[in-house]
There are 2 protein chains.
Amino acid sequence: MEKENTYYGVKEIARRANVSIATVDRVLHNRSGVSEKTKKKINDIIKELDYQPNILASRLASKKIISLAVLIPRVSEETDFWEAPMKGITRADAEIKKYGILVSTFYFDLNDAASFNAQAAAILDGDFKGVLLAPSFIEESRKFIRSCREKKVPFVFIDSDVPDEDNLCYIGPHLFQSGYVGAKLSTYRLKEKHKVAVVNISKESDSYNYLQIEEGFRSYFKDKQLPIEIIRIDIKDTDSLSVTRDLTRALHDHDDIEAIFVTNSRVFSVAAFLEKNKRSDISLIGYDYLKENIDYLNKEFIDFLICHKPEEQGYRGLMALYQTLVLGAPVEKTHFMPIDIVTKENQAFYQN
Amino acid sequence: MEKENTYYGVKEIARRANVSIATVDRVLHNRSGVSEKTKKKINDIIKELDYQPNILASRLASKKIISLAVLIPRVSEETDFWEAPMKGITRADAEIKKYGILVSTFYFDLNDAASFNAQAAAILDGDFKGVLLAPSFIEESRKFIRSCREKKVPFVFIDSDVPDEDNLCYIGPHLFQSGYVGAKLSTYRLKEKHKVAVVNISKESDSYNYLQIEEGFRSYFKDKQLPIEIIRIDIKDTDSLSVTRDLTRALHDHDDIEAIFVTNSRVFSVAAFLEKNKRSDISLIGYDYLKENIDYLNKEFIDFLICHKPEEQGYRGLMALYQTLVLGAPVEKTHFMPIDIVTKENQAFYQN
DNA sequence: TTTGATTTCGGGTACGTACCCGTAAATATA
DNA sequence: TATATTTACGGGTACGTACCCGAAATCAAA
């Protein structure tokens with residue numbers, strides 16, 4: 001593009017190196033057929049001119065399709081949380097389609113690690129140039145990304161991190177600090193009893209994510225040296241009967257709980273319980289901008305929702321792959337999402 | 001691009017219409033030299049095929065530069081609020097530069113409407129295809145955008161709206177609801193006195209923006225039927241001596257104020273006052289993610305900052321012009337920004 | 001030295017659109 | 001009717017890069 005005088009094209013490089021543009025092109029794309037001497041000469045000029053490829057021309061001319069795989073949980077009856085990342089992915093897909101990018105989505109069942117493995121295998125069978133994944137199953141994910149690494153396929157994590165991996169990027173919350181924020185929010189309606197509950201509604205009580213959130217939650221009270229008693233409530237069965245049974249027992253054993261902090265998006269089932277039992281005196285904090293949660297927020301049975309922009313995570317995850325594969329631009333290794341505080345008053349304008 | 005079988009190019013349209021691609025091109029760009037009969041035939045085929053231009057090819061081939069003007073306040077000694085929108089604008093500029101877009105920025109002084117007019121005139125003198133502006137001066141803005149409208153130059157507002165104008169888009173907060181959120185936040189530390197102050201630190205006490213925020217603030221207490229007494233404090237001179245003088249007087253007259261809501265980003269000067277007078281018992285809420293404000297947030301002299309993502313506004317404003325001028329895509333008339341609640345605990349991850 | 005194989009290199013075409021310029025056809029004027 | 005003007009249309013080139021294929025040069029083997 002001659003619209004900017006400081007940009008040179010392959011023609012100028014070829015002129016200075018006394019070769020054809022075909023040779024310059026071979027060097028740019030690391031194809032064979034150029035002598036080491038010529039290659040060095042061209043690379044020096046590329047560096048000297050700070051050559052920047054014209055992406056429009058490049059993608060127009062190239063017949064290569066860049067296939068990307070997305071590996072995320074399927075939207076389930078229990079939670080439609082995964083609708084939001086998918087929405088972001090669809091948005092990014094529409095934006096980058098014009099560059100010859102083809103996105104394929106592979107869903108797995110959050111309750112079935114075998115489905116994750118099956119879809120991971122399908123991805124490895126295909127010719128994908130990049131992978132965006134939610135590493136819900138840590139060990140299975142490690143196995144999958146080892147294969148990606150061997151094939152030199154960049155991968156991006158969303159929603160949760162797998163520590164010490166060579167991922168291109170992690171885009172998700174800082175979970176410890178998220179729990180810390182939860183603790184602060186649970187103090188706003190504390191009166192005198194100073195007892196709060198941490199509720200984990202999940203088949204797995206000690207997942208890596210949950211532990212970090214709880215650790216952050218407890219740290220707040222320790223840092224502030226607040227005389228708060230924290231009751232941990234584990235609810236393994238996620239159906240509403242079980243939630244009712246377990247909460248009934250816990251609130252009977254601890255009848256002076258003033259606030260409840262739910263560590264994931266199933267806070268609506270606690271809110272339903274509080275509504276049914278006319279316990280609007282208990283402050284409730286949980287996660288995620290889901291329709292059920294918003295409904296209880298508006299009815300004031302939930303005080304705060306903590307949200308990490310899952311839609312934006314999906315969008316940014318795919319854009320990170322585009323940035324590295326198409327633009328050849330650097331990507332920030334870790335992108336922590338904001339820890340958003342959503343209330344009844346500001347929820348209408350929340351951007352997930 | 002034959003990568004997607006459902007996309008047809010100008011060649012296919014020409015083939016079906018039995019004309020050359022040059023004629024198709026003339027129709028696509030509304031240039032003269034095509035008979036009505038041929039034009040209709042081509043347009044019918046365009047509609048039938050749902051032809052979508054290849055933007056990469058289009059901008060590569062076109063020699064036209066699309067100039068956009070940005071008209072925003074200069075960063076001042078009083079506030080560097082306007083750094084953030086500029087940052088977003090720069091980011092968008094880098095992203096869309098490859099499409100042949102040239103962005104020029106015109107700054108005005110927030111204390112001098114004449115500077116706004118001078119820059120507006122300079123913009124009208126140039127050949128700009130779109131304008132992004134902060135309509136800080138309402139009447140001057142109306143005059144400017146009337147000229148834009150006559151020249152058929154689309155314009156986008158950020159930060160505040162000018163009602164009933166033919167702007168392409170408004171990207172900014174819903175100010176009434178923002179004040180409403182501020183009121184809710186001011187209740188969290190109310191104990192018994194139930195008296196709160198609304199502080200306006202500005203040369204103009206009745207600006208359109210301020211009035212909407214205060215109206216929202218008052219509406220919250222009215223809606224909840226809370227027995228709250230609201231004290232309005234107007235501070236016309238914005239230097240710290242005046243702030244100290246006016247706050248001292250106000251707190252003397254109302255020594256039972258439990259919370260202060262500042263209607264703009266100058267909340268740091270109230271925080272400085274509270275710090276100096278050891279008034280950590282007063283809850284303080286204000287606006288904007290500025291360094292001074294964050295410092296007082298971390299020292300717990302500010303409880304909450306309400307933020308509207310000014311950087312994102314700048315980014316989206318410019319992207320809206322790109323969308324309409326380059327992509328020919330529809331743009332949503334009003335885009336209300338989130339009303340973000342920033343606390344000491346979540347500020348580190350806030351995305352402005 | 002001759003022949004065959006491999007490597008290096010460049011011309012040319014392609015991508016999908018933008019736009020210039022020349023030519024033919026249609027229309028207006030003398 | 002002849003001439004001048006205007007309109008409609010198409011061929012061709014351009015944009016900056018990607019990549020194929022053929023030719024020339026170099027290297028290795030007989």
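All chains are named by letter (A, B, ...) in the order of the sequence lines, taking the proteins before the strands, and each is independently numbered beginning at 1. The figures that follow rest on heavy atoms only: side chains count, while hydrogens, waters and symmetry mates do not.
Residue A:N30 contributes atom CG, which lies 13 Å from atom P of D:dA18 at whole-angstrom precision. Rounded to whole Å, atom P of D:dG16 lies 12 Å from atom CG of A:L60. To the nearest angstrom, P of C:dC15 lies 12 Å from CD1 of B:I21. Summarising the geometry, the separation between NZ on B:K40 and P on D:dA8 is reported as 17 Å, rounded to the nearest angstrom. Summarising the geometry, the separation between CG on B:L56 and C1' on D:dG16 is reported as 12 Å, rounded to the nearest angstrom. The distance between atom NZ of B:K63 and atom C1' of C:dA18, rounded to the nearest whole Å, is 8 Å. Spacing between atom CD1 of A:I13 and atom C1' of D:dG16 amounts to 11 Å, rounded to whole angstrom units. Atom C1' of nucleotide C:dC9 and atom CD of A:E36 are separated by 15 Å, given to the nearest angstrom.
Of all nucleotides listed (C:dA18, D:dC9, C:dG16), C:dA18 comes nearest to the side chain of B:S62. Counting only heavy atoms from C-beta on, B:A61 has its side chain closest to C:dA18 among D:dG16, D:dG10, C:dA18. Listed nucleotides: D:dT17, C:dC15, D:dC9. Nearest to the side chain of B:T38: D:dC9. Checking C:dT17, D:dT17, C:dC9 against every side-chain atom of B:V10, the shortest atom distance belongs to C:dT17. Distances from the side chain of B:S35 to the nucleotides D:dA8, C:dC9, C:dT17 place D:dA8 closest. Side chain of B:A22, nearest nucleotide from C:dG16, C:dC9, D:dG11: D:dG11. The side chain of B:A57 has C:dG16 as its nearest neighbour among C:dA18, C:dG16, D:dC21. Comparing atom distances between the A:H29 side chain and each of D:dA18, C:dA18, C:dT8 picks out D:dA18 as nearest.
Ranked by how close their nearest DNA chain C nucleotide is to the 5' end, B:S58 and A:S20 are led by A:S20.
Counting only N and O atoms by type, the side chains of A:H335 and A:E312 include no donor and acceptor under 3.5 Å apart. A:D50 and A:Q52 share a side-chain donor-acceptor pair at under 3.5 Å. Under the 3.5 Å distance criterion, with hydrogens and angles disregarded, a donor-acceptor pair is assigned to the side chains of A:E95 and A:Y315.
Distance CG/A:L60 to OH/A:Y99: 11.5 Å, rounded to 0.5 Å.
Between A:T23 and C:dG10, a side-chain N or O to OP1/OP2 separation shorter than 4.0 Å is present. Phosphate proximity of D:dA8 to B:R26: absent, as no side-chain N or O sits under 4.0 Å from OP1 or OP2. Within the structure, every side-chain polar atom (N or O) of B:Y99 is placed at least 4.0 Å from both OP1 and OP2 of D:dC15. Within the 4.0 Å cut-off from OP1 or OP2 of D:dT17, not a single side-chain nitrogen or oxygen of A:Y8 is found.
Note: B:F349 and A:H174 meet the aromatic proximity criterion, with ring centroids under 6.0 Å apart.
With hydrogens and angles left out, the side chain of A:R59 and the base of D:dG16 share no donor-acceptor pair within 3.5 Å.
Partners of A:F108 under the ring pair (Phe, Tyr, Trp, His ring centres under 6.0 Å) rule, at least two apart in sequence or in another chain, are A:F116, A:F137.
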